[in-house]
Visitor: 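I'd like to ask some things about the structure below.
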Amino acid sequence: MELPQLPELMGLSLLLGLLALMATAAVARGWLRAEEETSSRSAGQKANGLPLDKSLRSKKQKQHQRVRKEKPQQHNFTHRLLAAALKSHSGNISCMDFSSNGKYLATCADDRTVRIWSTKDFLQREHRSMRANVELDHATLVRFSPDCRAFIVWLANGDTLRVFKMTKREDGGYTFTATPEDFPKKHKASIINIGIADTGKFIMTASSDTTILIWNLKGHVLSTINTNQMNNTHAAISPCSRFVASCGFTPDVKVWEVCFGKKGDFQEVVRAFELKGHSAAVHFFAFSNDSRRMASVSKDGTWKLWDTDVEYKKQQDPYLLRTGCFEEASTMPCRLALSPDAQVLALASGSSIHLYNTRRGEKEECFEQVHGECITDLSFDITGRLLASCGDRAVRLFHNTPGHRAVVEEMQGLLKRASNESTRQRLQQQLTQAQEALRSLGALKK
């Protein structure tokens with residue numbers, strides 16, 4: 001067999017080697033170019049503070065999201081008469097209620113919790129509270145039962161009442177347990193208020209149309225009231241548990257008596273009396289602790305104090321005791337609270353609170369921008385020494401200096417007429433206590 005010639009083999013080998021070198025060089029150039037691009041991109045990212053890889057990028061995104069979810073800054077408020085601020089809620093507080101024994105304050109917020117505060121801690125540095133969780137919903141209204149062993153809430157999404165029982169633990173705390181079934185849905189419009197009679201005989205719910213329902217404690221409707229006021233703005237049960245009242249678009253406050261038999265069985269709801277005298281829609285009203293006085297505030301720019309200790313069955317009408325001016329009521333909705341002894345009227349409009357002496361009709365204190373949102377609830381404690389308000393994530397408590405001044409005025413007047421030495425001593429002791437309270441608050445008038 002004839003072999004190829006040597007020069008031809010050498011030429012073929014050189015050609016193949018050259019092609020291999022060219023291919024290797026091309027691959028190397030592409031790799032270098034890719035490396036340069038990656039390096040320049042990384043350098044640009046470093047210069048701009050951008051993450052270098054996916055894990056760092058996702059971490060940064062999570063951190064950014066975390067910053068977005070941070071709570072808004074708590075509204076700051078200071079005043080010489082501010083006694084305390086309760087700040088455990090993470091959502092805006094919509095309602096609060098003092099227990100009948102004066103030991104607790106219940107608050108509910110859109111953070112899906114109800115908190116129970118101990119009133120004896122109000123003037124201390126730390127304010128303890130117990131938390132009850134509202135599962136899969138949140139409460140907009142809350143009310144204690146008369147025996148302070150339970151409370152009811154109105155559910156925002158469920159549109160119904162839920163009952164929570166309070167069971168005391170060995171450590172002094174409470175366990176909160178919701179009853180297995182909520183009340184049936186009956187209202188067709190949004191709820192404006194709920195209440196439990198101090199006798200424990202019935203529950204009231206009122207909606208923004210013209211409906212008030214009277215329930216027994218088991219969730220059965222006893223009676224339906226049509227207020228015929230175009231719409232309801234407020235409704236409440238009197239502290240004596242005899243009456244249910246409402247106000248709305250019409251310029252009056254209507255009052256009904258809820259009647260029970262001697263054996264405690266429900267009988268009927270009958271019209272009792274009306275508060276007539278305003279010339280425009282009534283925003284709000286309140287009872288004194290003994291139900292013998294009522295106060296109302298209207299869109300006509302006035303507030304009124306009434307004597308409701310009347311025999312309405314003999315056609316006796318309530319007496320108008322005092323009319324005061326409150327211009328803010330003519331331009332925006334407002335709410336009020338009447339001190340237990342009816343000596344002081346608190347009016348809230350927007351985020352401000354105004355305190356009036358009901359004897360003279362004069363404004364004595366004004367707290368402006370108390371909350372970061374509009375005030376949603378306003379209430380005196382059962383002693384009348386403190387006024388509580390809510391509207392953002394805090395409850396703020398104020399010393400009731402107009403109440404102490406009213407006691408001073410009343411005791412001084414009674415002392416002039418007292419003929420009995422023991423009576424004089426008792427009146428003088430009450431006068432001294434009120435004066436000392438004002439002096440400690442720097443509010444004693446010279």
Visitor: Has the side chain of Ser241 got a donor or acceptor atom that lies under 3.5 Å from a matching backbone atom of Thr199?
Guide: yes

Visitor: Do side-chain atoms of Asp121 reach the backbone of Gln124 as a donor and acceptor pair under 3.5 angstrom?
Guide: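 Side chain of Asp121 to backbone of Gln124, a donor-acceptor pair under 3.5 Å: no, none is there.
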
Visitor: Hey, what's the ring geometry for Tyr174 with Phe176, parallel, tilted or perpendicular (30° and 60° as the breaks)?
Guide: parallel

Visitor: According to the interplanar angle, ranging from 0 to 90°, do the rings of Trp215 and Phe183 count as parallel (below 30°), tilted (30 to 60°) or perpendicular (above 60°)?
Guide: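 If you compare the ring of Trp215 with that of Phe183, the planes turn out tilted.
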
Visitor: Is the distance between the ring centroids of Phe122 and His127 under 6.0 Å?
Guide: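 His127 vs Phe122: aromatic centres not under 6.0 Å.
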
Visitor: Would Glu135 and Arg162 count as a salt bridge (charged side-chain N to carboxylate O under 4.0 Å, His left out) if you check the C-alpha gap in whole Å, the side-chain angles of each, and the deciding distance to 0.1 Å?
Guide: CA-CA 11 Å; Glu135 298 295 336; Arg162 178 173 293 174; over 6 Å; no

Visitor: Salt bridge or not for Arg359 and Glu409, using N-O below 4.0 Å?
Guide: no

Visitor: For Val114 and Val153: C-alpha separation, side-chain torsions, deciding distance, then whether side chain to side chain contact (heavy atoms under 4.5 Å, CB included) applies.
Guide: CA-CA 9 Å; Val114 174; Val153 300; 4.0 Å; yes

Visitor: Between the main-chain N or O of His283 and the side-chain N or O of Thr233, is there a donor-acceptor pair closer than 3.5 Å?
Guide: yes

Visitor: Could you tell me whether Glu362 and Arg360 make a salt bridge, using a distance below 4.0 angstrom between a side-chain N and a carboxylate O?
Guide: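 Looking at Glu362 and Arg360, the cut-off is met.
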
Visitor: Measure the shortest side-chain to side-chain distance between Leu378 and Leu336 over non-hydrogen atoms and say whether it is less than 4.5 angstrom.
Guide: no

Visitor: For the side chain of Asp392 and the backbone of Gly372, is there at least one donor-acceptor N/O pair under 3.5 Å apart?
Guide: yes

Visitor: I want to check something: taking the side chain as every heavy atom from C-beta on, are Val258 and Phe266 in contact at a cut-off of under 4.5 Å?
Guide: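 The answer is yes; the side chains approach within 4.5 Å.
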
Visitor: Just checking Phe77 against His371, ring centres under 6.0 Å apart?
Guide: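 When the ring centroids of Phe77 and His371 are compared, they turn out to be at least 6.0 Å apart.
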
Visitor: For Asp317, enumerate each residue passing the side chain to side chain contact (heavy atoms under 4.5 Å, CB included) test, keeping only those at least two apart in sequence or located in another chain.
Guide: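 Not a single residue meets the side chain to side chain contact (heavy atoms under 4.5 Å, CB included) criterion with Asp317.
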
Visitor: Side chains of Ser129 and Arg115: is there a donor and an acceptor less than 3.5 Å apart?
Guide: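 A pair is found: one side chain offers a donor N or O, the other an acceptor, under 3.5 Å apart.
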
Visitor: Backbone N or O of Phe285 within a donor-acceptor pair of the Ser296 side chain at under 3.5 Å?
Guide: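 Checking the backbone N and O of Phe285 against the side chain of Ser296, no donor-acceptor pair under 3.5 Å is found.
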
Visitor: Regarding Glu365 and Thr401, is there a side-chain donor-to-acceptor distance under 3.5 Å anywhere?
Guide: yes

Visitor: Hey, would you say the Trp303 and Tyr356 ring centroids sit under 6.0 Å apart?
Guide: yes

Visitor: Is it the case that the side chain of Asn232 and the backbone of Ala235 share a donor-acceptor pair, with hydrogens and angles ignored and the cut-off at 3.5 Å?
Guide: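 Between the backbone of Ala235 and the side chain of Asn232 there is no qualifying donor-acceptor contact (under 3.5 Å).
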
Visitor: Mind checking whether Tyr104 and Phe144 have parallel, tilted or perpendicular rings, split at 30° and 60°?
Guide: tilted

Visitor: Any side-chain to backbone donor/acceptor pair from Thr210 onto Thr227? Under 3.5 Å, distance only.
Guide: no

Visitor: Could you check whether the rings of Phe243 and Phe273 sit parallel, tilted or perpendicular, using 30° and 60° as the cut-offs?
Guide: perpendicular

Visitor: Under a 4.0 Å N-O cut-off, is there an ion pair linking Lys263 with Asp265?
Guide: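 Not counted as a salt bridge, because no side-chain N and carboxylate O are separated by less than 4.0 Å.
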
Visitor: Partners of Asp209 by side chain to side chain contact (heavy atoms under 4.5 Å, CB included), sequence neighbours excluded?
Guide: Ala189, Ser207, Thr211

